[in-house]
Amino acid sequence: MSEEHQESYHSDNLIDLMNYTLTNDHLQLLKKLGEMAAKLRMNLFLVGGTVRDMLRGVPGGDLDLVIEGDALAFSQNVANVLGGKVKHHEPFATATWVGAENLKLDIVSARAESYAKPGALPTIRHSHITDDLARRDFSINAMAIHLHPASYGQLVDPFHGRHDLTNGLIRILHSQSFIDDPTRLFRGVRFVSRFNYRFEQKTANLALATQPALTNALANVSPERIVHELKLLCHETDPVSSFSKLEDLHVWQALLGLTFSSSSATHLSRLQEEQNGEPLHWFQAIATVGFLEDNWKASLVPFAITSMEQRFLQNIEDIQKRLTNMTRFSTDYLHKQLYQVPEEPLRFYALSSGEEMQKVLDLYLHQRKQLQPLLTGHDLMELGMKPSPLFKECLLLHECEQLKGTIENKQDALQFAREFFNQKQRL
Ligand code: ATP
């Protein structure tokens, strides 16, 4: 950062920093919106992650705006003046405006919140910016920048988030914060890991002290909200350390009744290595917690929201059942047992296994991928057979023979099929 920008970093007016970190399109838009709000006698603010990142000298991302007034009416006004489309999200009086060239804004009415019970969604009422910042998760995310022309660029920082940014601290805003909304534990470890920060001491103590009430509080949070946080966690660079921190905070016990043990950590690291830089799949990540402990599947069922996740659980159960009863581990034998199981759950299972089993499954998967079946249903019909469930059996067995190396070419395969059907007809 240049000296000039270093200076604005320390000043309470962030105009220079805004000019430095925001795109021209964003800057022009924010100025215009601030003026429009002022004409309507409303105050408009830039808030949240963008302000935090700006103060870290990182170019801004999404534009989140708070208005002291009616966000729905204001966003409609924006669309009337600037064009573009508005989408209203009624329950929380929030709006998204999308303009030309993908310019996008989230606008919300400044509000105060109260929680009827731990973990439940909050009750809200319109209020001022300071109330709005007070409902936020951490001090570093509870800063705003004035967009009103008279005070444009002025920082609003009632919880000393800027000080915490300088000192690398994640600090909650009140002692009930984690109980009100336990998803903040997930968010907290995510920011700790992303910025290499630490929980401020009182926050760390309160995170730990949440434990007795955590199971109840988490029970009031919908699986969808947890899944949202897990997805975000898995997009960060070091989900393994975040999962371990959540274990230290007893979150997995409270959420699933399971432990993220050192073998879970190894499993998750191996999965991550296989991703080659792509984000981990959140369901595979949570599935490493207490993998195959007695209540593992039952604990994950509420999070298996889509059929893909449900199938994954079923696949793992199948693999486990079949491998437990298996006495031989030749590739052809494995194929007979596991041919229907997709690659992903097999890889997942392999990566949780000891060295021997991992080798066996790796080899099987490798050979299965290389396998080019020599027979098709069409071939069997050409041999004069009528389609029946025997087709499936014959095709599978011929694949097993191919894997074993006893069928090497089309002729062998056709001969195998003839013998198979002859034998069946004799029975
Ligand atoms: P990221 O860089 O990960 O997008 P962000 O801070 O922009 O970080 P969002 O999830 O988009 O993250 O949230 C926007 C803002 O909303 C946050 O900065 C914070 O002020 C507030 N917020 C989000 N989730 C919570 C929560 N669970 N409790 C309180 N405030 C929250």
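In listed order, ligands and their atoms are each counted from 1.
Taking the six-membered ring for Trp and thresholds of 30 and 60 degrees, Phe291 and Tyr349 have ring planes more than 60 degrees apart, a perpendicular arrangement.
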*Start with the C-alpha gap between Arg56 and Asp53, add the side-chain angles, then the distance that decides, and say whether salt bridge (Lys or Arg N to Asp or Glu O under 4.0 Å) holds.*
CA-CA 5 Å; Arg56 294 177 58 250; Asp53 289 341; 3.6 Å; yes
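Put simply, the residue from Phe260, Phe243, Phe348 that forms a ring pair (Phe, Tyr, Trp, His ring centres under 6.0 Å) with His267 is Phe348.
Listed by chain and number, Gly48, Gly49, Arg52, Asp64, Arg135, Arg136, Asp137, Asn141, Asp181, Thr183, Arg184, Arg187, Arg190, Phe191, Arg194 each place a non-hydrogen atom less than 4.0 angstrom from ligand 1.
Every residue two or more places apart in sequence or in another chain was checked for a side chain to side chain donor-acceptor pair (under 3.5 Å) with Thr215, and none qualifies. Scanning for side chain to side chain donor-acceptor pair (under 3.5 Å) contacts around Glu274 gives Arg347, with sequence neighbours left out.
Listed by first then second residue, pairs satisfying salt bridge (Lys or Arg N to Asp or Glu O under 4.0 Å) with a partner in residues 25-44 number zero, not counting sequence neighbours.
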